[in-house]
2 protein chains.
Amino acid sequence: MALKTETERRSWRQDPEAVKRDILAVALSEFAENGLSGARVETIASRTRTSKRMIYYYFTDKLGLYTAALEAAYMKVREGEAALDLGGLPPARALARLVAFTFDHHRRNPDFIRMVMIENIHNAENLVASQVIRDMNVAAIDKLEDICKRGQEDGTFRQGLDPVALHWQISAASFFNVSNRPTFNAIFGPNLFTGTAQADLRRQIVESVLAIALTPPALTEIRAEIAGTAAPGLSG
Amino acid sequence: MALKTETERRSWRQDPEAVKRDILAVALSEFAENGLSGARVETIASRTRTSKRMIYYYFTDKLGLYTAALEAAYMKVREGEAALDLGGLPPARALARLVAFTFDHHRRNPDFIRMVMIENIHNAENLVASQVIRDMNVAAIDKLEDICKRGQEDGTFRQGLDPVALHWQISAASFFNVSNRPTFNAIFGPNLFTGTAQADLRRQIVESVLAIALTPPALTEIRAEIAGTAAPGLSG
DNA sequence: GCAAAAATGTACTGACTTGTTCATTTCGGG
DNA sequence: CCCGAAATGAACAAGTCAGTACATTTTTGC
């Protein structure tokens, strides 16, 4: 029975997997809120259904727990991203949708953003160790690469586009919008983060990215397409 | 003698001001590197020319020291920004220059960026308290507001521009370029951060911001202007 | 020069925090 | 139903770290 280990491990004990998941979920939220050195193992433990003992039993270290939480954060967003289907869309449409989606997705996952912020403060030392995370992000680029290739083939995208640079642009705006909200808010007030202003911002970002990727004629075309379903000539 | 306090305070003791400055400089670099909870007061003390005792004497708290360091970071970048003169430039030129400058300036001041990152992790709690910092940033907006106004008056800028939103765009790219370099680097390699790729990135950001702010005709005009000193027709 | 205030050095403390030890329970397989 | 391994609970050990007490020196105003 090749599936023995698989099946029996599931009904193994009184659900150690659930215990691990419980710990991880709490750890993620706690690390995201307080940072690596700011988080307290005892606090995490107290918020789980188990004890501190179990944290060390399953994750050996505070750092081990942190790394696991970081991976968990990446996995969670990846699941969300999987829901996005760009298959049938023409390249320009697909790109527009990807940008808008990323913007919204980041907004919906502040814990993930904060984990990445924290990881950057630590010079990505723990991220380097995780192959899981690296694979994940390469997948994101593959998606973009596919769009670029299709766009260049049908002539709507400029030549010489760098998918990574494009990803950088998309990420910068979407990430910053969440990561720097507190300071921006404190200094300039919350106006930029209300529903309507956020919608404007998103539109602007989509526009900017399209302007970078598309050839001028393709750009004017999709602008018209997005503005309404009407063709450009019909509205004037 | 009205200047008595001023003059004599300078030669007051064996230079307590210098001690404060020494502590602050070390604290800034240490907090920027390790974060608020990650930094150790003893480590900071050991890197100064004085003792831990003095830190508490002058700054009362670890948090007091952190806040002072945060303000110091803002002041330092503000000095750098003061060097930028946009007075005589026409609006489009001024905006282009402001964007390019911000990009470079952030790149040159990673400690400042890291302090802002850290402050965001802490939900800007300590920034709210500091009037100094808020005034500083309002000044930055004033600069942009002036450019916008001039641009709208001479017809090169679109109507209804929000200087704060523009500032957001400029900041997002320039900030992200420094703040998220570690993770980006770890995942996609260092290609985007070499001299030439960074120059490309900067050009792209300038372009994007101009595309947001300028009217289409003004945009094509300044593009030609930037591409070379030659007029558009001459190169073809 | 002298008294008062400011500045500084040394050594210490109390609280907090990570991680461990040891004993106990739960569970699967035979 | 019993044995060994996995899983867990409770108290504890060792080290770390922010902050302080106390003594001493330096400077200033007079």
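Numbered from 1 within each chain, the chains take letters A, B, ... in sequence-line order.
You'll find the side chain of A:Asn177 stays beyond 4.5 Å of the side chain of A:His106, heavy atoms only. By the 4.5 Å heavy-atom criterion applied to side chains, B:Ile118 and B:Tyr66 are counted as neighbours.
Between the OH atom of A:Tyr56 and the C1' atom of D:dA7 there is a distance of 18 Å, rounded to whole Å. For the pair B:Arg40 CZ and C:dT18 P, the interatomic distance rounds to 10 Å; values are reported in whole Å. The CD-P distance, from A:Glu30 to C:dT17, rounds to 12 Å in whole Å. In this structure, B:Asp22 atom CG and C:dA7 atom P are separated by 16 Å, rounded to whole Å. Between the C1' atom of C:dT17 and the CD1 atom of A:Ile44 lies a distance of 12 Å, rounded to the nearest Å. The distance between atom CD1 of B:Ile55 and atom C1' of D:dC17, rounded to the nearest whole Å, is 13 Å.
DNA chain D is contacted by A:Tyr57, A:Tyr58 of residues 57-71 of chain A, taking any non-hydrogen atom closer than 4.0 Å.
Remark: A:Ser51 is in phosphate contact with D:dG9, judged by side-chain N or O atoms under 4.0 Å from OP1 or OP2.
Annotation: of the two residues near DNA chain D, A:Thr50 and A:Glu42, the 5′-most nearest-nucleotide partner is A:Thr50. In terms of position along DNA chain C, the nucleotide closest to B:Arg49 lies nearer the 5' end than the nucleotide closest to the other residue of the pair A:Ala39 and B:Arg49.
B:Arg53 comes within contact range of at least one nucleobase, with a heavy-atom separation under 4.0 Å.
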Salt bridge (charged side-chain N to carboxylate O under 4.0 Å, His left out) assessment of A:Arg203 paired with A:Asp200
CA-CA 5 Å; A:Arg203 213 175 303 134; A:Asp200 289 347; 3.4 Å; yes
CA sep, side-chain torsions, deciding dist, call: B:Arg114, B:Glu33, salt bridge (charged side-chain N to carboxylate O under 4.0 Å, His left out):
CA-CA 7 Å; B:Arg114 292 177 65 91; B:Glu33 189 168 333; over 6 Å; no
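One distance of note links NZ of B:Lys62 with OH of B:Tyr56; it measures 8.0 Å at 0.5 Å rounding.
Between B:His105 and B:Phe101, the two ring planes are parallel [angle under 30°; tilted spans 30° to 60°].
Taking the side chain of A:Met54 as heavy atoms from C-beta on, and the options D:dA18, D:dA7, C:dT8, the nearest nucleotide is D:dA7.
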